[in-house]
J.: 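Just dropping this structure here.
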Amino acid sequence: MAIQLFDSLERKLKPLTPSHADGVFRFYNCGPTVYAPAHIGNFRTFVVNDVLRRLLELEFGADKVKHVRNLTDVDDKTIRRAREENRPLAEVTQQWTEKFHADCAALNCLPPHVEPTATGHIREQVDMIDVLMKKGNAYRAADGSVYFKVSSFDRYGALSRVKERELQIGSALSGKSHAADADEKEDVSDFALWKAHKLDDGDNAWESPWGRGRPGWHIECSAMSKKHLGETIDLHTGGVDLLFPHHENEIAQSECCNGVQFSRHWYHSEHLLVDGKKMSKSLGNLYTLDDLRKIEGPVFNPMEIRLALMQGHPRKQLSFTIHSIHSASEALGSLCHFYDALKTFAKPSGPNPRSTTTPSRQFDGVIDSLKSDLNFPAALGELFRATRESGNTSESDLLAFERALRVLGLKIPSYVNLPDDDLAEDVSQRMTIQKINAIPAAITTLAEKRWTAKLAKDFATADALRKELAGLGWSILDRKDGYSLEPAKK
RNA sequence: GGCGCGGUAGCCAAGUGGUAAGGCCGAGGUCUGCAAAACCUCUAUGCGUCGGUUCAAUUCCGACCCGCGCCUCCA
């Protein structure tokens, strides 16, 4: 069964297939603008794309997928941030690039094979603009900026189905002018390919045939996609808000420049909603990973966030609340127990059983649901259902479970390690160790006292100490041969 | 005004022309000094409202109500 994915352009499910002779599936995903920490809405999109990447690799082979995701490191926002902080642009974007990478790693998102930057591809962008100028799809305005002439491209609006005329009406009705560039453009719909240098841009300008300036936002993806994946790519993805104008403009630029189809397939993931609205600073409902880390404290596990972000269908808006994390946390906990039980009872049959055992079909429903338009809720439903129905004894079930987890990109904290465990990456987060490290000495002392009292069957004292610990925000959990401490659940 | 999406149990959320996956919460049970954990069981005669088509509609069609997004260099 081929991977079926909704195509935003043709508006129907289509199978994903590589089109180039080398069999490599070419996949471009619009990345972040690096001027601030990404919020969890951004990460919803990146998690969706991460699962897609993992699914593609499962389908075509790890060496048959090329995933490119750009970094926008020069635009109004990055420049403004650098100016406000009185720092060089490159320093600011470097800082936020590193933060982005750290957050992605925490969420277990695989790095793309190529992560090109806009400032690293000025030449490629200039070259494309040059072709567009020569072909008559672009013009230079009085101030030295270069604009794409939307009326020169018949198919403009095919993706967003927004007709040029309606666009103008819309602009007029909303009473908002396209402020900065409005005066120089021949038509409201035209968009900047090259922005002439302004005072506020500072040093952030490059030479071009049209004078000093910097590239417009849209051209970077066209240029970098072309350079790293070729003129026709197999899939282009991003958040819905990029559908118009960003992706519409990319199609116009690339197809006018190259004369061939730009992307064979378009895919857009929907927004994460918080309090029923799209996240925004002005509404005060914007969460970064660090915001959630602060709220959750020492029990914070980024996998809970990943799981929470996967609760809804990627093409539908998803409601996120703090309760979502709690819900995901509990669900993840049950997966942990299942995984431990499976590892304990599914006795390895040889020195390296994983290499000779075939995964069972127990968790195929997970993969099948993902292949069916990335149906996350259905896939997770299958995961939990199959978990409950599993006999807990089969080694091939263990392999099947691990394969399902890998595609979902879920890392499961585990107390049990098999001697031949090749899943170091998947069990690297040792919950116990993390938690023990975070326990203050005073708490440990109280817990020891309570344990002693319990062994002496002095339950009154033991219960009093448990209460005291609870008051301090810690719960004590008795185990078979001891106890463990955990921060009290909220 | 244009374009698009959605309204399913307390919350989140799949799905189907033939009678509602899954997760969380809640309830009961087993276990346990207690608690927790774990495990088991239960929890929508109903899928925004009103019509229509049909042997049969939550699922198709129409109208209406409500919510959200894009039309601003927002994932």
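Order of the sequence lines sets the chain letters (A, B, ...), proteins ahead of strands, with each chain counted from 1.
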J.: Given that both distances must come in under 3.5 Å, which nucleotide forms a Watson-Crick or G-U wobble pair with rC42(B)?
T.: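 Pairing partner, where one exists within any strand: rG26(B).
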J.: Considering every strand and a 4.0 Å limit on heavy-atom distances, what is the contact class for N375(A): base, sugar-phosphate, or nothing?
T.: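 Contact class for N375(A): sugar-phosphate only.
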J.: For F6(A), is there any backbone N or O sitting under 3.5 Å from a side-chain donor or acceptor partner on D373(A)?
T.: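 Flag set: sc D373(A) to bb F6(A) pair under 3.5 Å.
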J.: Taking the nucleotide of RNA chain B with the closest heavy atom to each, which residue, A331(A) or V74(A), is nearer the 5' end?
T.: A331(A)
J.: Under 4.0 angstrom, heavy atoms only, what part of the nucleic acid is F459(A) near: base, sugar-phosphate, or nothing?
T.: base
J.: Write down the distance separating the C1' atoms in rG46(B) and rU58(B), rounded off to the nearest Å.
T.: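 rG46(B) and rU58(B) have their C1' atoms separated by 8 Å.
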J.: Using both distances under 3.5 Å as the test, list the Watson-Crick or G-U wobble partner of rU72(B), or none.
T.: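 Its partner: none found.
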J.: Using the P atom as the reference point in each nucleotide, state the distance between rC25(B) and rA36(B) in Å, no decimals.
T.: 13 Å
J.: Rounded off to whole Å, could you give me the CG-to-P distance for the L408(A) and rG23(B) pair?
T.: 15 Å
J.: rC3(B), rG23(B), rC34(B): which one has an atom nearest the side-chain heavy atoms of R466(A)?
T.: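 In terms of side-chain proximity for R466(A), the closest of rC3(B), rG23(B), rC34(B) is rC34(B).
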J.: Using the side-chain heavy atoms of A378(A), tell me which of these nucleotides is nearest: rA75(B), rG22(B), rA14(B).
T.: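 So the nucleotide nearest the side chain must be rA14(B).
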J.: Indicate, yes or no, whether a donor-acceptor pair under 3.5 Å links the base of rC5(B) to the side chain of R315(A).
T.: no
J.: Mind calculating the distance between CG (D75(A)) and C1' (rU72(B)) to the nearest angstrom?
T.: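 From D75(A) CG to rU72(B) C1': 14 Å.
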J.: Give me the distance, rounded to whole Å, that separates rC47(B) from rA13(B) when you measure between the C1' atoms they each carry.
T.: 13 Å
J.: Across all strands, who's sitting opposite rU59(B) as a Watson-Crick or G-U wobble pair, both distances under 3.5 Å?
T.: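 Base partner found: none.
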J.: Categorize E382(A) for me: base, sugar-phosphate, or nothing, with a 4.0 angstrom heavy-atom threshold over every strand shown.
T.: nothing
J.: From NZ of K467(A) over to C1' of rA36(B), roughly how many Å is that when rounded to an integer?
T.: 16 Å
J.: I need the NE2-C1' distance between H323(A) and rG10(B), as an integer number of Å.
T.: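 Checked: the NE2 to C1' distance equals 9 Å.
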J.: Checking all strands, does S160(A) fall into the base, sugar-phosphate, or nothing category for heavy-atom contacts under 4.0 angstrom?
T.: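 Sugar-phosphate, backbone atoms only, no base.
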J.: For the C1' atoms, the ones on rU59(B) and on rA20(B), what distance do you get once it is rounded to whole angstrom?
T.: 11 Å
J.: For nucleotides rC50(B) and rC66(B), find the distance between their P atoms and express it as a whole number of Å.
T.: 16 Å
J.: For L272(A) and R11(A), find the nucleotide of RNA chain B closest to each by heavy atoms; which residue's nucleotide sits nearer the 5' end?
T.: R11(A)
J.: Counting the atoms with a prime plus P, OP1 and OP2 as sugar-phosphate, which does H218(A) contact under 4.0 Å by heavy atoms, base, sugar-phosphate, or nothing?
T.: nothing
J.: Report yes if at least one side-chain N or O of K316(A) is closer than 4.0 Å to OP1 or OP2 of rG6(B); otherwise report no.
T.: no
J.: Of the options E248(A), H246(A), E250(A), which is the one that meets H218(A) in a side-chain hydrogen bond (donor to acceptor under 3.5 Å, both in side chains)?
T.: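 Among E248(A), H246(A), E250(A), the one that satisfies the side-chain hydrogen bond (donor to acceptor under 3.5 Å, both in side chains) with H218(A) is H246(A).
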J.: Answer with yes or no after comparing the ring centroid distance for F100(A) and F46(A) against a 6.0 Å cut-off, counting only values under it.
T.: yes
J.: Please report the distance separating the C1' of rG7(B) from the corresponding atom of rA44(B), rounded so that it comes out in whole Å.
T.: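 To the nearest whole Å, 16 Å.
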J.: Is K14(A) salt-bridged to D7(A), going by a charged N under 4.0 Å from an acidic O?
T.: yes
J.: Assign S319(A) to base, sugar-phosphate, or nothing according to its heavy-atom contacts below 4.0 angstrom with the strands shown.
T.: sugar-phosphate
J.: For the pair T78(A) (side chain) and D75(A) (backbone), establish whether a donor and an acceptor sit closer than 3.5 Å, ignoring hydrogens and angles.
T.: yes
J.: Has the side chain of R212(A) got a donor or acceptor atom that lies under 3.5 Å from a matching backbone atom of W206(A)?
T.: no
J.: Over how many whole Å does the gap from K277(A) atom NZ to rG6(B) atom P extend?
T.: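 Distance, rounded to whole Å: 19 Å.
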J.: May I ask you to say what G276(A) touches in the nucleic acid, namely base, sugar-phosphate or nothing, with a heavy-atom cut-off under 4.0 Å?
T.: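 Here G276(A) touches the backbone only, sparing every base.
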J.: So G312(A), base contact, sugar-phosphate only, or nothing? Heavy-atom distance under 4.0 Å.
T.: sugar-phosphate
J.: Nearest-Å distance, CD (E330(A)) to C1' (rA38(B))?
T.: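 Answer to the nearest Å: 12 Å.
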J.: Any N or O donor-acceptor pair under 3.5 Å from the base of rA75(B) to the side chain of R44(A)?
T.: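 Such a pair does not exist between side chain and base.
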J.: Under 6.0 Å between the ring centres of F376(A) and H313(A)?
T.: no
J.: Pick the C1' atom in rU43(B) and in rA21(B), then give their distance to the nearest Å.
T.: 15 Å
J.: Any N or O donor-acceptor pair under 3.5 Å from the base of rA75(B) to the side chain of H271(A)?
T.: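 Side chain to base: pair found, below 3.5 Å.
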J.: Does rG6(B) have a Watson-Crick or wobble partner in any strand here, with both distances under 3.5 angstrom, and which is it?
T.: rC66(B)
J.: When all nucleic acid strands are considered with a 4.0 Å heavy-atom cut-off, which category describes K77(A): base, sugar-phosphate, or nothing?
T.: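 Sugar-phosphate contact only.
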J.: Looking at R83(A) and D200(A), would you say the former's side chain and the latter's main chain have a donor-acceptor pair under 3.5 Å?
T.: yes
J.: Is the base of rG15(B) touched by the side chain of R385(A) through a donor-acceptor pair closer than 3.5 angstrom?
T.: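 No, the side chain and the base share no sub-3.5 Å donor-acceptor pair.
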J.: Take atom P in rC71(B) and the same atom in rU19(B), then report the distance between them in whole Å.
T.: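 It works out to 43 Å between them.
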J.: Of the listed nucleotides (rC68(B), rC40(B), rC24(B)), which one gets closest to any side-chain atom of H326(A)?
T.: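 Side chain of H326(A) sits closest to rC24(B).
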J.: Round to a whole Å and report the spacing from CD of Q317(A) to C1' of rA14(B).
T.: 17 Å
J.: May I have the distance from D458(A) (atom CG) to rG33(B) (atom P), rounded to whole angstrom?
T.: 16 Å
J.: Both distances under 3.5 Å, Watson-Crick or G-U wobble: report the partner of rU54(B), or none.
T.: none
